[in-house]
Amino acid sequence: MTYVLGYTMSAEEKAAFPSLNPMGRYPVLVEEGQPPLWEADAIVCRLSALTGSDFWRTDASQPDMVRWISWATHHLNRAADPVYFSRVVMPQFTQDRLPEAEIAQGLADWAALLPILDAHLGGREWLLGDRLSYADFRAATALPFASAAGLPLDDAPNVRRWAAQLDRIDAWRDPFAGI
Ligand SMILES: N[C@@H](CCC(=O)N[C@@H](CS)C(=O)NCC(=O)O)C(=O)O
């Protein structure tokens, strides 16, 4: 049996976690006869192979996909993180906020990076062309929270169009439906 441990874990599953993931984090993919697989990107890669999907590309577009995953992880999402964390997450449990300089740096980086994404999406339906891939999900990680976090999209019409496209995917728009 194959299953992904995540937000719906029982207390018993959580208690077993240290042996499944030395990071103590989820998700973790558990497959019979295989060591537990942790890190979301690796899990998507494996699930895509198991289901015969090209959501994780294995063809000539694979380097392009990895490029956007890497760029989003190391640049765009890193810029958005402190802004989102301080303005959306922290208010839910504390009066504290991240230092204003950290927010300002995140916003400046976001403003500098977003045009790169917007230019690439001009004339392309998805990041890799005409079909959705995991790169779209990774690069769009901050978009569902952009408005609440005050991450501007005003000068990025292609990004807004692409975000609206993603929102038409049920599992993207409401990932916790039914949980
Ligand atoms: N780089 C890891 C991040 C994993 C991670 O930070 N997961 C969060 C949930 S999204 C977590 O387990 N946090 C600890 C907790 O909530 O107890 C990945 O991509 O899987």
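Read the numbers this way: they start at 1 and go in the same order the structure lists the ligands and their atoms. Treat the numbers as computed from the prediction; the structure is a model and nothing was measured.
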Do any N/O atoms on Y26 end up under 3.5 angstrom from N/O atoms on ligand 1? yes

For residues 93-124, which residue pairs pass the ring-ring contact (aromatic ring centres under 6.0 Å, His included) check, not counting sequence neighbours? W68-H120

All ring pair (Phe, Tyr, Trp, His ring centres under 6.0 Å) counterparts of F55, not counting sequence neighbours: Y134, F137

N or O contact, A40 vs ligand 1, cut-off under 3.5 Å: yes

Any carboxylate oxygen within less than 4.0 angstrom of a Lys/Arg side-chain nitrogen, looking at E31 and R46? yes

Heavy atoms of W56 and D41 approach each other most closely as CZ3-O, 3.5 Å

Among R25, E39, R138, which one has a heavy atom closest to atom 14 (C) of ligand 1? R25

Using a strict cut-off of 4.0 Å, indicate which atoms of ligand 1 neighbour a heavy atom of P27. 20 (O)

